[in-house]
Amino acid sequence: MLTKPLSAITKNTMQACGVTADLDHDGGMQVVSPVTGEVVATLAVDDAAATEAAIGKARAAFRDWRMVPAPRRGELVRLFAEELRKSKEDLGRMVSIEAGKSPSEGLGEVQEMIDICDFAVGLSRQLYGLTIATERPGHRMMETWHPLGVVGIITAFNFPCAPWCWNSALALVCGDPVIWKPSEKTPLTALACQAVLDRALARFGDAPEGLSQVLVGGPEVGETLVESENVALISATGSTRMGRIVGPKVAARFGKCILELGGNNAGIVCPSADMDMALRAIAFGAMGTAGQRCTTMRRLFVHESVYDQIVPALVKAYGSVTVGNPLETSALVGPLIDKAAFDGMGAALEEAKALGGTVHGGTRADVEGNGYYVHPALVEMPVHDGPVLRETFAPILYVMKYADFDTVLEDHNAVGGGLSSSIFTTDLREMETFLSARGSDCGIANVNIGTSGAEIGGAFGGEKETGGGRESGSDAWRAYMRRATNTINYSRELPLAQGVVFDI
Ligand code: NAD
């Protein structure tokens, strides 16, 4: 049992992070914890004028920050990582309170922030351009990378802080100020992260004001950022529905955009799979975070020769998984974010039943309080159709039998989402085919691990309706900078490219 009301724990935790904002703003936006359904804070909302003012401040900050040497910018991120380490427990608790994650997943999300900061510090000394062979004698050609401008970061409820940090750690070392519009369901974690960054800024000393700001509010705040010509890059994480609105608006003003949208991720269990390993990976991938990860496994194709071996074992795991309050118990499955998510899950299961699906689990779990807790659902589907073809943001795993490897690859790719995918096999030919040009069409393709739980070192993102954006590791930093191709003539002649003659 919690010894204090959740709202009191929330306020203590926010205070420990250094947040000074009014958390009981009269008539403000209510923040509801999915853990108990309690209102844990009410916050003042930033209107369009406040958003424009924030953009103005960030623009002014850009003029100074772009001139600070990149390794010095990296020093700020290094200090931020130190402060994050000090506040890891508190920030992890805020993630659990606002998003309903288990303590280990809440802490894991904060660890992801620390990891990307460490990555960005190294990156601050590696913002390399190419030197390119030129066809003209006495010339040199090269690429240089420069800071881009203000970066607007819009994030989803299910990862209340890590995606912001994937963006902001890179943007800051690349020379860009950031403005964060977190989900209206999880603004407290955002305020807490900003307070932790403010501590690093104070230690850093001479960073310009407005380098990192948080705006509280709903889609309308995001829209002001999206439509502003003064925001050079919009990085938006959320549903495909949101991306369909945001993408064209940014394109219409020739802004840059990173879209990190919904997925419909699948796994394939082949005859040669290590069944015990596959079982554990599928259980975490499909039920972890109550099915509320963009990378959650939503579809599973099982070869007919091993179907009766693995599916009953999975059904058993679904029946025994613990569901409960993540702050009070060691339950592996916490709450859904709200009633709309619960209703959406129920509707998808009804649709699946009408198509002949057999549903295991999927009922509401009896947990004290007003949270929406469910037993994860495994649905044996006779067809790859209906709700299987779209993302329902809840713990539903649709399981289908397959006979032929080439056909299953086609079914695997026959959905809108293109985020993450897995194959479970020890057969080299199947493994390499899955990773080849005719294999998985997703941005993430894994072998013998689940679809979720990516590391920061790789570029993260997906194709098709997932939006095509890449964040985090590898060369994702390039999106936060502008590229210039420079050609220098150090000869006494003026040869033109392609042999063109223009003698005057
Ligand atoms: P959502 O689309 O409802 O909201 C996401 C964010 O977009 C919120 O901050 C919201 O206020 C803002 N927003 C909504 N409409 C907007 C508009 N017209 N203009 C500007 N901003 C707008 O998503 P959600 O329910 O918070 O999150 C769940 C979804 O996010 C799922 O589809 C999940 O797959 C996806 N997601 C994707 C990734 C990824 O990296 N690909 C990561 C996390 C979540």
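Both counts, for ligands and for their atoms, begin at 1 and track the order of listing. Residues: numbered from 1 along the sequence shown.
- Electrostatic pairing of Lys181 and Asp46 does not count as a salt bridge here, judged by no charged N lying under 4.0 Å from a carboxylate O.
- In this structure, a donor-acceptor pair under 3.5 Å is present between the side chains of Ser212 and Gln194.
- Remark: minimum distance from atom 6 (C) of ligand 1 to any protein heavy atom is reached at Thr155 O, 3.4 Å.
- Considering only non-hydrogen protein atoms, atom 32 (O) of ligand 1 sits nearest to Glu391 OE1, 2.6 Å.
- Not one N or O of Cys294 is nearer than 3.5 Å to an N or O of ligand 1, by distance alone.
- Under 4.0 Å from ligand 1, not a single heavy atom of Phe159 appears.
- Nearest protein heavy-atom neighbour of atom 13 (N) of ligand 1: Met242 CG, 3.6 Å.
- No donor-acceptor contact under 3.5 angstrom links the side chains of Tyr373 and Asn325, judged on distance only.
- Counted by atom type alone, Thr224 and Glu52 present zero donor-acceptor pairs between their side chains at under 3.5 Å.
- Of all atoms in ligand 1, listed by their number and element, those nearer than 4.0 Å to a heavy atom of Gly222 are 20 (C), 21 (N).
- Within ligand 1, the atoms closer than 4.0 Å to a non-hydrogen atom of Pro219 are 11 (O), 14 (C), 15 (N), 16 (C), 19 (N), 20 (C), 21 (N), 22 (C), numbered from 1 in the order shown.
- Here the protein heavy atom with the shortest distance to atom 24 (P) of ligand 1 is Phe157 CD2, 3.7 Å.
- A side-chain N or O of Glu105 and one of Thr289 form a donor-acceptor pair less than 3.5 Å apart.
- The single protein non-hydrogen atom nearest to atom 12 (C) of ligand 1 is Ile154 CG2, 3.6 Å, given as residue, atom name and distance.
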Check: Does the salt bridge (charged side-chain N to carboxylate O under 4.0 Å, His left out) test come out yes or no for Glu83 and Arg199, once each step is laid out?
Finding: CA-CA 7 Å; Glu83 296 300 329; Arg199 298 199 317 246; 2.8 Å; yes
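- Applying the 4.0 Å criterion to heavy atoms of Asn158 picks out, from ligand 1, the atoms 43 (C), 44 (C).
- Here's the thing with Thr237: none of its N/O atoms is less than 3.5 angstrom from an N/O atom of ligand 1.
- There is no side-chain donor-acceptor pair under 3.5 Å between Glu260 and Trp166.
- Within the 4.0 angstrom cut-off, atom 4 (O) of ligand 1 has no protein heavy-atom neighbours.
- Counting atoms of ligand 1 from 1 in the listed order, those under 4.0 Å from a heavy atom of Glu184 are 8 (C), 9 (O), 10 (C), 11 (O).
- No side-chain donor-acceptor contact under 3.5 Å links His375 and Arg364.
- Interface of Val246 with ligand 1, defined as ligand atoms under 4.0 Å from a residue heavy atom, comprises 19 (N), 20 (C).
- For atom 35 (C) of ligand 1, the nearest non-hydrogen atom of the protein is Gly238 O, 3.2 Å.
- At a cut-off of 3.5 Å, with distance as the only test, a side-chain donor of Glu98 or Thr189 sits close to an acceptor on the other residue.
- Classification of the Phe80-Trp164 ring pair by plane angle, with boundaries at 30° and 60°, yields perpendicular.
- Nearest protein heavy-atom contact of atom 18 (N) of ligand 1 is Glu223 OE2, 3.4 Å.
- The protein heavy-atom contact nearest to atom 23 (O) of ligand 1 is Ser239 N, 3.5 Å.
- By the 4.0 Å heavy-atom criterion, Ser183 is counted among the residues contacting ligand 1.
- Aromatic ring pairs are classed by plane angle as parallel below 30°, tilted from 30° to 60° and perpendicular above 60°; the pair His412 and Phe301 is tilted.
- In this structure, Lys57 is not positioned above the aromatic face of Phe62 in the sense of NZ or CZ being under 6.0 Å from the six-membered ring centre and within 45° of the axis.
- Listed by atom number, the atoms of ligand 1 under 4.0 Å from Pro182 heavy atoms are 9 (O).
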